[in-house]
J.: 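This is the structure, below, for whatever I ask next.
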Amino acid sequence: MFKNLCAFAVLGAGGLMAVTPAFAAENPVRWTTGGAVWSTQQQAFDTFVDTGEVTDRGLEGGLKRSGWTATEVRAGLAKSYTVDLRAVTRYLYSNAGVDFLKTATLNYYPYRSMGTTSVQALRSAIIKDAVDGSISSIGIMRALPTDFRLAEGPQTVGAEGRCKPQTAQCTSLLSWYVFLPARIQASQVPDPFLDR
């Protein structure tokens, strides 16, 4: 029971509050291909980002299906983006942000809840990674509160003009992860009281 308690972070005078779990996913991706399921542990992603070495067959397959070279994916997962925690939180709790989270988790969602907590889980990971004023794909992945499953079907990457249409670059999970932080950075909602 105790390990399921959440840490609360009050986010400024706007009264926004984020709930971030005190635990993380062991398997940020459970790949589903055909009738098989393969779990890739966070350590395999960390090793790949840190050294470039691929130590997991699921990650190897994901890289091959990404539409990018392993070098491009590695750089994209590690790239850091400056953000404002409150502006990110405002976006993720806005109607547009919730719609984005719902679309982003249609085929990639918490393994055990089968999608019923998708929005909350992804939102908490993004906010947790944004606490220090920057986000990255690998940072968001490390902050996932539970194991996630990738179901069969395209992932909505949301990188119009930066990926080749009708290819894996615009539909793969790793491509989605590469573009996720830039999408969040561009969608931040500034404080309306400071812009008056």
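In what follows, residues are counted from 1 in the order of the sequence shown. Since this is a predicted model, take the numbers as computed values, not measurements.
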J.: Short question: side chain of Arg74, backbone of Val49 - any donor-acceptor pair under 3.5 Å?
T.: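 At least one qualifying donor-acceptor pair exists.
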
J.: First locate atom CD1 of Ile140, then atom NZ of Lys128, and finally report the distance between them rounded to the nearest 0.5 Å.
T.: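 Output value for this atom pair is 12.5 Å.
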
J.: Find out whether Tyr93 and Ile127 are in side-chain contact, i.e. whether some heavy atom of one side chain is under 4.5 Å from a heavy atom of the other.
T.: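 In short, these two side chains touch, coming nearer than 4.5 Å.
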
J.: Heavy atoms only: give me the nearest Arg142-Asp50 pair and the separation to one decimal.
T.: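 For Arg142 versus Asp50, the nearest heavy atoms are NH2-OD1, 4.4 Å.
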
J.: Search all heavy atoms of Asp147 against all heavy atoms of Arg30 and return the closest pair with its distance.
T.: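 Shortest heavy-atom separation between Asp147 and Arg30 comes out as OD2-NH2, 3.2 Å.
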
J.: Taking all heavy atoms of Arg90 and all of Val189, pick out the closest pair and write down the distance.
T.: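 Closest heavy-atom pair between Arg90 and Val189: NH1-O, 2.9 Å.
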
J.: Check Pro181 against Ser136 and note the closest heavy-atom contact, atom names and distance.
T.: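 So the minimum-distance heavy-atom pair works out to CG-C, 3.6 Å.
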
J.: I want to check something: taking the side chain as every heavy atom from C-beta on, are Leu122 and Lys102 in contact at a cut-off of under 4.5 Å?
T.: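 They are not in side-chain contact.
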
J.: The criterion is ring pair (Phe, Tyr, Trp, His ring centres under 6.0 Å); which residues satisfy it with Tyr91, sequence neighbours excluded?
T.: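 Listed in chain order: nothing, the list is empty.
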
J.: Passes side-chain contact (heavy atoms from CB on, under 4.5 Å), Arg123 versus Val98? Steps please.
T.: CA-CA 9 Å; Arg123 178 168 51 211; Val98 171; 3.9 Å; yes

J.: Is the side chain of Thr47 donor-acceptor paired with the backbone N or O of Ala44 at a distance under 3.5 Å, no angle test?
T.: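 No, Thr47 side chain to Ala44 backbone: no donor-acceptor pair under 3.5 Å.
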
J.: Set out, in order, the CA-CA distance, both residues' side-chain angles and the distance that settles side-chain contact (heavy atoms from CB on, under 4.5 Å) for Tyr108 and Val29, then state yes or no.
T.: CA-CA 8 Å; Tyr108 181 60; Val29 184; 4.0 Å; yes

J.: Is the closest side-chain heavy-atom distance between Phe45 and Leu59 below 4.5 Å?
T.: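 A side-chain contact under 4.5 Å exists here.
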
J.: Provide the closest heavy-atom pair for Tyr81 versus Ala182 in the form atom of the first, atom of the second, distance.
T.: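 Nearest pair, atom of Tyr81 first, then Ala182: CE2-CB, 3.6 Å.
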
J.: Could you give the distance from OG1 (Thr40) to CG (Asp56), rounded to the nearest 0.5 Å?
T.: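 Atom-to-atom, Thr40:OG1 and Asp56:CG are 3.5 Å apart.
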
J.: How many angstroms lie between CG in Asp129 and OG in Ser80, if you round to the nearest 0.5 Å?
T.: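 Interatomic distance, Asp129 CG to Ser80 OG, rounded to 0.5 Å: 8.0 Å.
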
J.: Decide whether Glu72 and Thr69 meet the rule of one side-chain donor and one side-chain acceptor closer than 3.5 Å.
T.: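 Result is yes, a qualifying pair exists.
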
J.: Side chain of Ser137, backbone of Tyr177: donor and acceptor closer than 3.5 Å?
T.: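 Indeed, once roles are kept as given, a pair shorter than 3.5 Å links the two residues.
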
J.: Supply the atom-to-atom distance Phe48 CZ to Leu63 CG, rounded to the nearest 0.5 angstrom.
T.: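 Here the interatomic distance stands at 4.5 Å.
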
J.: Can you tell me which residue among Leu144, Thr89, Val83, Leu92 is in a side chain to side chain contact (heavy atoms under 4.5 Å, CB included) with Ile126?
T.: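 So, applying the side chain to side chain contact (heavy atoms under 4.5 Å, CB included) to Ile126 and each of Leu144, Thr89, Val83, Leu92, only Leu92 qualifies.
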
J.: Is there a donor-acceptor pair under 3.5 Å between the side chain of Ser175 and the backbone N or O of Thr171?
T.: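 No: the side chain of Ser175 does not pair with the backbone of Thr171.
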
J.: What are the two closest non-hydrogen atoms of Val73 and Ser66, and how far apart are they?
T.: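 Minimum heavy-atom separation between Val73 and Ser66: CG2-OG, 3.7 Å.
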
J.: Rounded to the nearest 0.5 Å, what separation is found between the CD atom of Gln185 and the CG atom of Leu180?
T.: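 Going from CD on Gln185 over to CG on Leu180, the span is 11.5 Å.
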
J.: Rounded to the nearest 0.5 Å, what's the gap from CG on Leu174 to CE on Met141? Could you check?
T.: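 If we round to the nearest 0.5 Å, Leu174:CG and Met141:CE are 6.5 Å apart.
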
